[in-house]
Amino acid sequence: MKSRKEEPAEPAVVIKGLRKRFGRQVVLGGIDLAVMPGETMAVLGRSGTGKSVLLKLLIRLQEPDSGSILIQGQEICSLGFRELNEVRKKIGFLFQQAALYDSLTVEDNVAFPLVRHSQLSDEERRRRVRELLSSVGMDKDLKKLPSEISGGMQKRVGLARALALNPEILLFDEPTAGLDPITASEIDSLISKLKAERKITSIVVTHDIHGARSFADRVVVLNDGRILTTGTFAELQKSSDPLITRFLSEAA
């Protein structure tokens, strides 16, 4: 008896015809993109090409002018507040500036989503927070405030918080921006570790092509609000487009 062929996996994220403008400025002029489960996709492009706006649209921190966004097959652009929050629980977001609460300790920052969205007991929550902080090398700084740790350490805490609810999708907004090369490399290594150990679907907006080369399965290059190209680094190396050639030369 012949075995049945496995059905191909459905994309974790599907974007169709996504458009966004601010006044006369077209930030996204019709984006089509699919990200597969467990895939790590890097989004590259010059400043002002709509990279960060794309991430905010994916969790509706901003509203698109038109287009469709499907998260695990569910269209989110028409969801009400309660339904949207249920989808957001599946998504972790690491903001560019980590976005930690200044008045809360490292421990309490990571615990925040667990307090709001889980039924864990106090002891279970403390254990979970320590596990998360240990996974990013920050378990010895539980009682410190964000102002008492470095920018790279804040990014680590922000990542631990993004992982608190066991998300199936992670969004990174310029995770290495403003960091020295050594610290940036450590953050890149954490992204690679997540990819290997948790098989999380990740979209990483970055200007750091060196880092993207180390962790990305595929790369999207945005230019003037549109996708210039999508592919692996090997495929990009075959391109004759001058902008893509310049990107790659910067990583050489």
Side-chain angles (χ1 to χ4, degrees), residues 10-36 39-99 158 162 167 169-178 201-209 211-212 216-231 235-236 239 241-248 250:
E10 292 292 324
V13 179
V14 177
I15 300 164
K16 295 180 180 179
L18 197 62
R19 297 178 182 273
K20 182 67 178 178
R21 65 188 302 157
F22 298 102
R24 295 183 178 181
Q25 182 187 5
V26 176
V27 180
L28 295 175
I31 297 294
D32 296 300
L33 189 64
V35 187
M36 301 305 293
E39 182 178 27
T40 298
M41 176 174 283
V43 182
L44 302 173
R46 295 176 297 179
S47 297
T49 55
K51 303 188 303 296
S52 294
V53 171
L54 175 62
L55 290 191
K56 291 173 183 176
L57 292 175
L58 288 178
I59 52 174
R60 281 182 56 195
L61 288 178
Q62 293 178 348
E63 297 289 341
D65 295 331
S66 61
S68 172
I69 301 170
L70 282 80
I71 304 295
Q72 296 181 332
Q74 184 173 16
E75 169 60 66
I76 70 164
C77 292
S78 58
L79 291 181
F81 181 75
R82 184 172 298 178
E83 293 84 1
L84 179 61
N85 273 344
E86 289 303 311
V87 174
R88 284 173 172 169
K89 291 177 186 178
K90 303 176 184 179
I91 303 173
F93 199 123
L94 180 60
F95 293 89
Q96 184 171 341
Q97 303 299 330
I169 298 169
L170 272 177
L171 307 178
F172 296 83
D173 189 6
E174 296 285 8
T176 60
T201 305
S202 299
I203 301 176
V204 186
V205 159
T206 182
H207 67 283
D208 179 12
I209 194 169
D217 298 304
R218 272 195 303 153
V219 177
V220 173
V221 180
L222 288 183
N223 188 51
D224 293 332
R226 296 183 181 276
I227 293 177
L228 186 62
T229 190
T230 304
E235 289 168 340
L236 264 61
S239 173
D241 186 285
L243 181 58
I244 296 171
T245 301
R246 192 169 77 222
F247 269 126
L248 294 176
E250 291 173 358

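Around the CZ atom of F22, the shell of radius 6.0 Å holds more than 12 heavy atoms that belong to other residues, nucleotides or ligands.
Side-chain N or O atoms of R218 include none that pairs as donor or acceptor with a backbone N or O of M41 at under 3.5 Å. The backbone N or O of G45 sits less than 3.5 Å from a side-chain atom of K51, completing a donor-acceptor pair.
Here CG of L58 is found 6.0 Å from CG of L171. Values are rounded to the nearest 0.5 Å. Between L54 atom CG and I15 atom CD1 the span is 5.0 Å, to the nearest 0.5 Å. Summarising the geometry, atom CD1 belonging to I227 is positioned 4.5 Å from atom CG belonging to L33; distances are rounded to the nearest 0.5 Å. Taking CG from L236 and CG from D241, the interatomic distance works out to 9.5 Å, rounded to the nearest 0.5 Å.
A pairwise comparison of heavy atoms in G17 and D32 identifies N-OD1, 2.8 Å as the closest pair. Nearest heavy-atom pair, I31 versus G225, reported as atom, atom and distance to 0.1 Å: CD1-O, 3.6 Å.
E63 is linked by a side chain to side chain donor-acceptor pair (under 3.5 Å) to R60, counting only residues two or more places apart in sequence or in another chain. Under the side chain to side chain donor-acceptor pair (under 3.5 Å) criterion, S52 pairs with D173, sequence neighbours left out. Not a single side chain to side chain donor-acceptor pair (under 3.5 Å) links K16 to another residue, sequence neighbours left out. The salt bridge (charged side-chain N to carboxylate O under 4.0 Å, His left out) search around D217 returns K195, not counting sequence neighbours.
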Which atom pairs, one a donor and one an acceptor, fall under 3.5 Å between side chains of residues 64-74 and the rest of the protein, sequence neighbours left out?
residue	atom	partner	partner atom	Å
D65	OD2	R21	N	2.7
S68	OG	E75	OE1	2.4
Q72	NE2	E168	OE1	2.5

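A salt bridge (charged side-chain N to carboxylate O under 4.0 Å, His left out) check over residues 83-92, counting only residues at least two apart or in different chains, returns the pairs E86-K89.
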